[in-house]
Amino acid sequence: MPDPFEDVDAASPEMIEIIAAALETRAEDSSMLPVLDAYLDALKVPDGGQIVDIGSGTGGIARRIADRFPACSILGVEPSTALTNKAKELAGNRPNLTFSIGNGANLALDAACADVVILHTVLSHVPDPKPLVAEATRILQPGGTLVICDADFSKAMMGVVPGDPLGSCADAFVDGSVTDAWIVGKLKPLVKDFGLTVKDFNILNRVITSGMGALVWVRMSSTRLVSSGVIGQPLADALEAEYLRRAEAGLLYGFLPFVTLIAIKPEISLESVID
Ligand SMILES: C[S@@+](CC[C@H](N)C(=O)[O-])C[C@H]1O[C@@H](n2cnc3c(N)ncnc32)[C@H](O)[C@@H]1O
């Protein structure tokens with residue numbers, strides 16, 4: 001079964017709700033915010049600047065960006081109608097934040113329209129990242145900044161003993177809900193192939209020891225395995241109950257490294273030199 005993030009609208013209504021809730025939980029999770037804020041702190045965007053968040057989901061990241069850069073315009077572009085509708089509902093009264101439906105591989109945006117383009121946990125969920133990086137590069141103005149933040153899902157784990165049942169949930173999540181668990185190691189040559197210069201490559205660990213931040217690993221994997229008949233609902237219920245028990249008992253331990261690559265589009269493109 002393919003990664004549901006590749007085409008969220010094709011998922012069941014139950015799965016879309018799980019995805020939307022998980023994205024919202026993660027965007028505010030205290031274990032996630034340092035990852036996000038580390039690259040937002042590093043960004044210098046002029047007043048009146050344009051920031052484009054490709055694959056904006058329910059807009060949780062875009063809302064934080066909008067609040068951090070009130071003098072800039074933030075556009076979230078997202079292929080899922082269901083998630084975009086939620087993003088618009090949740091945007092609140094933010095005059096500098098808009099959302100539109102679109103595919104990151106083929107954006108209805110002018111070349112060189114953006115000061116900053118952000119791909120936040122998107123490339124690990126697409127079959128081919130190149131068209132998205134190509135489009136991000138096209139819409140960046142010369143000197144503009146591309147931020148790619150993604151999880152190293154190849155190292156995702158949860159549990160406190162070998163063979164931990166919650167560890168199986170983390171494995172099953174990566175197996176069924178991530179397209180390329182190894183994408184972060186390929187990011188540097190990926191952006192260099194589009195003429196961008198890597199300015200920073202930073203790794204921060206997300207360690208989940210409380211709250212609902214990793215419940216999505218249990219919910220998405222068990223929903224998929226119940227619907228395909230591999231496990232029964234009683235086991236799915238028990239796994240979720242065990243997650244909640246561990247969170248209550250302080251025994252939760254989820255681990256996921258996040259890589260952030262920051263790259264710059266050169267001021268003078270090769271084409272203009274040749275022309
Ligand atoms: C894990 S979610 C991340 C959402 C959001 N960036 C966040 O961090 O809250 C991955 C997102 O990528 C979107 N996506 C999948 N394929 C895409 C594509 N070709 N272009 C743009 N977004 C895409 C999905 O619809 C989903 O919203």
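Just follow the structure's listing: the first ligand is 1, and inside any ligand the first atom is 1.
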Asker: Does Gly104 reach ligand 1 with a nitrogen or oxygen that is under 3.5 Å from one of the ligand's nitrogen or oxygen atoms?
Answerer: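 Right, the criterion is met.
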Asker: Compute the shortest N/O to N/O distance between Asn103 and ligand 1 and return yes if it is under 3.5 Å, no if not.
Answerer: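 Right, the criterion is met.
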Asker: Checking the N or O distance criterion of under 3.5 Å, is ligand 1 in contact with Ser56?
Answerer: no
Asker: Is Gly60 in contact with ligand 1, taking contact as a heavy-atom separation below 4.0 Å?
Answerer: no
Asker: Determine the interplanar angle of the Phe173 and Phe5 rings, folded into 0 to 90°, and report it as parallel if under 30°, tilted if 30 to 60°, perpendicular if over 60°.
Answerer: perpendicular
Asker: Between ligand 1 and Thr121, is the shortest N or O to N or O distance under 3.5 Å?
Answerer: yes
Asker: Any idea which heavy atoms bring Ala170 and Trp217 closest together, and the distance?
Answerer: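 Scanning both residues, the minimum pair turns out to be CB-CE3, 3.7 Å.
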Asker: If I apply the N/O under 3.5 Å rule, does Gly55 come out as touching ligand 1?
Answerer: yes
Asker: Polar contacts were defined as any N/O atom of the residue lying under 3.5 Å from an N/O atom of the ligand; does this apply to Asp53 and ligand 1?
Answerer: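 In fact, backbone or side chain, Asp53 has no N or O that close.
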Asker: Which of these passes side-chain hydrogen bond (donor to acceptor under 3.5 Å, both in side chains) with Asp115: Gln50, Lys44, Gln141?
Answerer: Gln141
Asker: Is the contact between Leu83 and ligand 1 made by the side chain, the backbone, both, or neither, using heavy atoms and a 4.0 Å cut-off?
Answerer: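 Side chain only.
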Asker: Mind checking what makes ring pair (Phe, Tyr, Trp, His ring centres under 6.0 Å) contact with Tyr39, not counting sequence neighbours?
Answerer: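 For Tyr39, the residues satisfying ring pair (Phe, Tyr, Trp, His ring centres under 6.0 Å) (neighbours in sequence not counted) are His120.
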Asker: Taking the six-membered ring of Phe255, is the NZ or CZ of Lys155 close enough (under 6.0 Å from the centre) and on axis enough (within 45°)?
Answerer: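 No, Lys155 does not lie over the aromatic ring of Phe255.
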Asker: Is there a nitrogen or oxygen of Arg26 sitting under 3.5 Å from a nitrogen or oxygen of ligand 1?
Answerer: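 Indeed, backbone or side chain, Arg26 has an N or O that close.
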Asker: Under the ring pair (Phe, Tyr, Trp, His ring centres under 6.0 Å) rule, collect the residues that match up with Phe69, sequence neighbours excluded.
Answerer: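 Testing Phe69 for ring pair (Phe, Tyr, Trp, His ring centres under 6.0 Å), a comparison that skips the adjacent residues, returns none.
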